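Worksheet for the structure shown next.
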Number of protein chains: 2
Amino acid sequence: MVAQSKATQGGESLLFLTDEQLRKGIEAMFFAYRAFTADPDRILENHEYGRAHHRAIHFINRQPGLTVNALLSTLGVTKQSLNRVLRTLVDDGLVEARVGRRDKRERNLFLTEKGAMLERELSDAQRARMRAAYRAAGPAAVAGFRQVLEAMMDPDIRRQYQAIKDGAA
Amino acid sequence: MVAQSKATQGGESLLFLTDEQLRKGIEAMFFAYRAFTADPDRILENHEYGRAHHRAIHFINRQPGLTVNALLSTLGVTKQSLNRVLRTLVDDGLVEARVGRRDKRERNLFLTEKGAMLERELSDAQRARMRAAYRAAGPAAVAGFRQVLEAMMDPDIRRQYQAIKDGAA
DNA sequence: ATTTTATGTCAGCGATGTTGACTTTCCAAG
DNA sequence: CTTGGAAAGTCAACATCGCTGACATAAAAT
């Protein structure tokens with residue numbers, strides 16, 4: 001039996017890798033991720049959209065003008081799967097797909113005003129929860145949180161994640 | 001609502017709550033969770049099971065003898081949804097559902113030897129990634145990681161999560 | 001001129017979530 | 001003892017969102 005709750009500071013750098021500690025981390029990821037998606041999910045219900053629509057909207061908002069292929073590889077789904085989602089968003093007037101200037105095969109994706117409104121509604125809810133968690137845990141905990149999450153990612157994805165700098169507004 | 005511009009700066013304890021910082025945290029959750037589930041998902045493919053089976057197996061292993069109702073509320077799904085998964089696990093001989101001793105309406109769930117084998121295979125893979133991330137980030141980061149995740153959970157779930165003590169083998 | 005790339009689309013399948021309705025079993029309270 | 005309700009199981013229908021495979025079109029690249 002390992003006592004840990006409040007005592008993971010200091011120098012016990014050998015204790016924290018027990019299977020029980022790892023199990024706690026695994027369950028923390030499960031429960032926290034469910035909470036993390038709960039608020040947007042509630043909003044999306046009213047709009048007849050799902051989590052996949054949210055993800056597409058998020059990344060189009062982050063990088064306006066990105067191509068379908070780029071979005072595809074960021075989301076890690078097939079083009080058929082993304083296309084189903086993207087089509088409804090375009091049809092409903094939330095996303096605009098402009099033919100590429102240089103390469104006319106490409107489609108550059110942008111949020112319309114309507115799309116940007118939904119994006120704000122979704123990310124406001126998600127940020128509110130994240131902000132509350134950050135405040136409750138404090139700056140040092142936040143740094144550790146990000147470090148562990150980054151270390152958990154696959155290397156290619158981590159590079160993609162880090163490529164978009166923090167101030168990239 | 002909108003950006004907490006740098007006007008609200010005063011010390012570095014306020015800086016970390018900009019919308020950009022929060023967005024990074026949100027994306028870190030998304031990418032890390034995908035990595036987190038990737039290894040078990042690969043294993044499950046070979047067994048014709050899905051992520052839902054993994055979750056059921058995990059929690060039955062953690063609390064042998066727990067009832068269907070308890071598992072239901074831990075997983076946060078409907079009994080119909082869980083039942084479909086549970087039935088295949090029982091039929092395939094991975095899970096045993098014993099009639100409750102005190103209350104015969106209840107079913108106490110246990111992993112069989114075969115079920116325990118799959119559980120080990122799955123959790124070994126997941127723990128390996130978690131262990132690597134913990135090692136890379138260091139003990140202080142791990143503490144912060146857990147703190148933020150716990151703060152993100154809904155209060156009821158957090159209590160449920162914390163109720164199972166670290167040494168609960 | 002041919003090949004490759006980017007995108008879109010159709011069809012079908014599988015896992016996993018949902019609601020609603022109904023049954024059986026059995027504990028517990030009137 | 002009877003009755004109400006809790007625990008569990010089941011059937012049907014549906015939605016989202018992954019997947020594969022096949023095929024079409026346009027445009028860039030060779």
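The shown structure was predicted, so the numbers you read here are calculated from the model rather than taken from an experiment. Order of the sequence lines sets the chain letters (A, B, ...), proteins ahead of strands, with each chain counted from 1.
The listed nucleotides are dT16(C), dA7(D), dT7(C); the one nearest the side chain of Val68(A) is dT7(C). Nearest nucleotide to the side chain of His53(A), out of dT16(C), dC17(D), dC26(C): dC17(D).
In the interface, the side chain of Gln80(B) is not paired with the base of dG17(C) through any donor and acceptor atom under 3.5 Å apart. Evaluation of atom-type donor-acceptor distances gives a pair under 3.5 Å for the side chain of Arg105(A) against the base of dT5(C).
Straight-line distance from the CZ atom of Arg102(A) to the P atom of dA26(D): 22 Å, rounded to whole Å. Here dA12(D) presents its C1' atom at 14 Å from NZ of Lys79(B), a figure rounded to the nearest Å. A straight line from NZ of Lys104(B) to P of dT24(C) spans 19 Å, rounded to a whole angstrom. Rounded to an integer number of Å, the gap from Arg101(B) CZ to dC26(C) P is 16 Å. One interatomic measurement links the two molecules: CG of Leu86(B) to C1' of dG9(D), which rounds to 11 Å at whole-angstrom precision. What separates CZ of Arg84(B) from P of dG9(D) is a distance of 15 Å, to the nearest Å.
Within the 6.0 Å centre-distance limit, the rings of Phe30(B) and Phe59(A) are counted as a close aromatic pair.
Between Asp19(B) and Arg131(A) there is a salt bridge, since a side-chain N of the basic residue sits under 4.0 Å from a carboxylate O of the acidic one.
Using a 4.0 Å heavy-atom criterion, one finds that Arg51(A) contacts the sugar-phosphate atoms exclusively.
Nearer to the 5' terminus of DNA chain C, by closest-nucleotide assignment, is the contact made by Asp103(A) (compared with the other of Tyr49(B) and Asp103(A)).
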